Amino acid sequence: MATKLLLAKAHVEGIRHFEVYRREGGYAAVEKALKMEPAAIVEEVKKSGLRGRGGAGFPSGMKWSFLAKPEGVPRYLVCNADESEPGTFKDRYLMEFLPHLLIEGLIVSSFALGSNRTYIYIRGEYAWIVGILEQAIAEAKQNGFLGKNILGSGFDCEIYVQRGAGAYICGEETALIESLEGKRGNPRIKPPFPAIKGLWDCPTVVNNVETLAAVVPILNMGGEEYAKIGVGRSTGTKLISACGNINKPGVYEIEMTLSVEEFIYSDEYCGGIPNGKRLKACIPGGSSVPILPANLLLKTAKGETRLMNYESLSDGGFATGSMLGSGGFIVLDEDQCVVKNTLTLARFYRHESCGQCSPCREGTGWMEKILTKIENGKGAISDIDLLWDIQRKIEGNTICPLGDAAAWPVAAAIRHFRDEFEWHVNNPELCQTQNYGLAHYADPIHVPA
Amino acid sequence: MVKFSEDKLKEVQSMIDRYPEGKQKSALIPLLHLAQEDFGGWLSAETMDYVGSLLGIEPIEVYEVATFYSMYNLKPVGKHVFEVCHTGPCMLKGSDDIIAYIKTKLDIKVGETTADGLFTLKTVECLGACGYAPMMQMGIDYREHLTEAKVDEIIAACRNKQ
Ligand SMILES: Cc1cc2nc3c(=O)[nH]c(=O)nc-3n(C[C@H](O)[C@H](O)[C@H](O)COP(=O)(O)O)c2cc1C
Ligand code: SF4
Ligand code: FES
């Protein structure tokens, strides 16, 4: 059995409630933390090797150490629960089933960073989870783990839940801060970074739900022990939300030594592809990361087994690799059309662009239009080149990374599946009733008898 | 006239109290949710102006925000709003068929409301339920693993509530 640091107690009856969570050993990390120096907690997180679970994978301890601490200015911790990257639904699971784990992580982290007022910014559509979190907060408060002078330590902390209102861009940390200030979610130009000038111009740390929950096991077991789980710079465990054409979609906690092949085919995880179909492609880390054909997914270009971790998934760079990203694992079987899939993602990014930068605002619109043409059998070969050209002009030329996130899926689809695009152009009628199928993309390992 | 009840006004105050002194504008997004729920499922100019007055901010500051976020309805909607997700992962699991089925069943296009004012159909982008696809949001609830039979049931249940 794989080590479970976050979800081990997810199925304990009543774990959503304080008494049960506490009986199962909950809030021990808070008791431990409040007896430590805040700087020592930051040190433990550094030692753990924890990397941000929101998508970028930035070392969390290092991020915390950048937080400015000017005299007399409040500092804020904001929990990013915006979770809107297509394919990603792990934070939802954590908050729904283990709300106290997040609250515990938030108390420890607030103490480490000196935040007396901590916000959870949750996507507006997760409305029912707001109630679950507020209940957990109220219970923690009744039991002296929140509010004034927590456990007699002299530390005061309140946690508030703030609901967004439908905007993927508010997951980007500076857009999130704008939104929390009651404005449109337009990302800010960096620098200054939030660690210097964030919420209401005060030093601010924004961290993902899963990152903050992971602080609990790190404190309990110590950073060094945590770092022993996993491999290389992929320490600890990772939540993966798996969806698409698999037998067992859902949220899994994995050790980052697991192979992609085992994750897809083993009954402990995705349980293989339904209806005896073959694996065609996969987007392993949320809609923004490059799609890979099955052959490059299971083995790297060098022929090594690909593992579910930061380094292995990005092995080969964008030429032959992808990214772990947010852990949104999207599987496509042989009946799926890569052009159509790319089109829905292009539409998503066009819809979600905040419109501040012209390459992103205009480029995402054009990519959607051209992909619609190709998908409907009205495209030309030159359109594929135009699409390539547009995505290149977006990448790296925008205020926030949404531009890149929109460009990469299109680039990867053309890079690896160009003949499927060409087939649409060359078979304008056939492509309306039939799919291109597997061609040479199929998983070479699992060939049905 | 648009006005919250005394109870709701208390809720408004508790929302404002979550932020430091002078930062009450931060309550705008939660307040607009509250107003939309309370005043007929959408935000009229009158409603938005009222919300602005509660926070002591200019009407334009409210309009800017209300037009940015997709969950705010800027025109009236049906009693039951079906917001069906059609992003990649849901598409892989047949969301297009579900949308087509609802269209035929209710005889409306995406973005329209039935003549009796009961149903509005919308398509939305990923709602974080990709593993339970196809799905839609109805009010604050998620309806997941949709099938044609399930859609029939949901529509019948909505009609029965009348
Ligand atoms: C367009 C866009 C959307 C994002 N959405 C999310 C999100 O929903 N949740 C999240 O935690 N991080 C999201 N991020 C990353 C955040 O900007 C930020 O890096 C993250 O919250 C930092 O937390 P971490 O270091 O704990 O991962 C997004 C970034 C971009 C550019
Ligand atoms: S890249 Fe797109 S989403 Fe990001 S700031 Fe520019 S226009 Fe807005
Ligand atoms: S794609 Fe539909 S919920 Fe994520």
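Note on naming: letters A, B, ... go to the chains in the order of the sequence lines (proteins, then strands), and numbering restarts at 1 for each one. These figures come from a predicted structure and were not determined experimentally.
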Checklist entry - Would you find more than 12 non-hydrogen atoms of other residues, nucleotides or ligands less than 6.0 Å from B:Lys10 atom NZ? => result no

Item to check | A:Glu125, part contacting chain B, at a heavy-atom distance under 4.5 Å | outcome: both

Checklist entry - What residues of residues 14-22 of chain B sit under 4.5 Å from chain A when you count only heavy atoms? => result B:Asp17, B:Arg18, B:Tyr19, B:Pro20

Checklist entry - Does A:Arg92 use its side chain to pair, donor to acceptor, with the backbone of B:Gly128 at less than 3.5 Å? => result yes

Checklist entry - Taking atom types as modelled, is there a side-chain donor on A:Asn208 or A:Lys90 under 3.5 Å from an acceptor on the other? => result yes

Item to check | Flag side-chain contact, heavy atom, 4.5 Å: B:Asp96 against A:Lys340 | outcome: yes

Next on the checklist: Side chains of B:Lys103 and B:Ile99, heavy atoms from C-beta outward: is any pair under 4.5 Å?
Outcome noted: yes

Checklist entry - Given a strict heavy-atom distance threshold of 4.5 Å, which part of A:Ile169 is in contact with chain B: side chain, backbone, both, or neither? => result side chain

Checklist entry - Quick one: of A:Gly328, A:Gly164, A:Gly355, who has the most non-hydrogen atom pairs under 4.5 Å with chain B? => result A:Gly164

Checklist entry - Among A:Pro86, A:Ser84, A:Ala127, which has the most heavy-atom pairs under 4.5 Å with chain B? => result A:Pro86

Checklist entry - If you measure only the distance, is there a donor-acceptor pair under 3.5 Å linking the side chains of B:Thr114 and B:Asp116? => result yes

Checklist entry - Using a cut-off of under 4.5 Å for heavy-atom pairs, which of B:Leu92, B:Val65, B:Ile140, B:Thr67 has the most such pairs with chain A? => result B:Leu92

Item to check | Side chain proximity check, A:Phe89 to A:Val251, heavy atoms < 4.5 angstrom | outcome: yes

Item to check | Selection from B:Cys126, B:Pro30, B:Ala66 maximising heavy-atom pairs under 4.5 Å formed with chain A | outcome: B:Cys126

Checklist entry - Are the side chains of A:Thr118 and A:Glu158 in touch, meaning some heavy atoms are under 4.5 Å apart? => result no

Next on the checklist: Any donor-acceptor pair under 3.5 Å linking the side-chain atoms of A:Lys280 with those of A:Asn435?
Outcome noted: no

Checklist entry - Where does A:Arg117 contact chain B at under 4.5 Å (heavy atoms): side chain, backbone, both or neither? => result side chain

Checklist entry - chain A heavy atoms under 4.5 Å from B:Glu64: which part of the residue, side chain, backbone, both or neither? => result both

Checklist entry - Relative to chain B, which segment of A:Thr88 carries a heavy atom at a distance below 4.5 Å: side chain, backbone, both, or neither? => result backbone

Next on the checklist: If the contact rule is any heavy atom under 4.5 Å from chain A, which residues of residues 32-63 of chain B qualify, in numerical order?
Outcome noted: B:His33, B:Glu37

Checklist entry - Does the A:Asn275 side chain pair with the main chain of A:Lys277, one donor and one acceptor, at a distance under 3.5 Å? => result no

Checklist outcome for this item: Under 4.5 Å to a heavy atom of chain B? For A:Tyr76 that would be side chain

Item to check | Portion of A:Ser179 that has a non-hydrogen atom of chain B nearer than 4.5 angstrom | outcome: both

Next on the checklist: I'd like to check the salt bridge (Lys or Arg N to Asp or Glu O under 4.0 Å) partners of A:Lys183; sequence neighbours left out, ordered by chain and number.
Outcome noted: A:Glu178, A:Glu181

Item to check | Heavy-atom proximity to chain A below 4.5 Å, by part of B:Ala129 | outcome: both

Item to check | More than 12 heavy atoms of other groups within 6.0 Å of B:Asp107 CG | outcome: no

Item to check | Polar side chain donor-acceptor pair, A:Thr174 to A:Glu172, under 3.5 angstrom | outcome: yes

Item to check | Pi-cation contact, A:Tyr126 with A:Arg123 (under 6.0 Å, within 45°) | outcome: yes

Checklist entry - Is it the backbone or the side chain of A:Tyr119 that comes under 4.5 Å from a heavy atom of chain B, or both, or neither? => result side chain

Checklist entry - By a 4.5 Å heavy-atom criterion (distance strictly below it), what part of A:Val130 contacts chain B: side chain, backbone, both, or neither? => result neither

Next on the checklist: At under 4.5 Å between heavy atoms, what parts of residues 82-89 of chain B are in contact with chain A? List them by residue number.
Outcome noted: B:His86, B:Thr87, B:Gly88, B:Pro89

Checklist entry - At a heavy-atom separation under 4.5 Å, does B:Lys25 approach chain A through its side chain, its backbone, both, or neither? => result both

Checklist entry - Does the side chain of B:Ile108 reach to within under 4.5 Å of the side chain of B:Thr113, using non-hydrogen atoms? => result no

Checklist entry - So B:His145 and B:Tyr132, would you call those rings parallel, tilted or perpendicular, with 30° and 60° as cut-offs? => result perpendicular

Next on the checklist: Does this structure show an ion pair linking A:Glu368 with A:Arg347, if we count only N-O contacts that are shorter than 4.0 Å?
Outcome noted: no

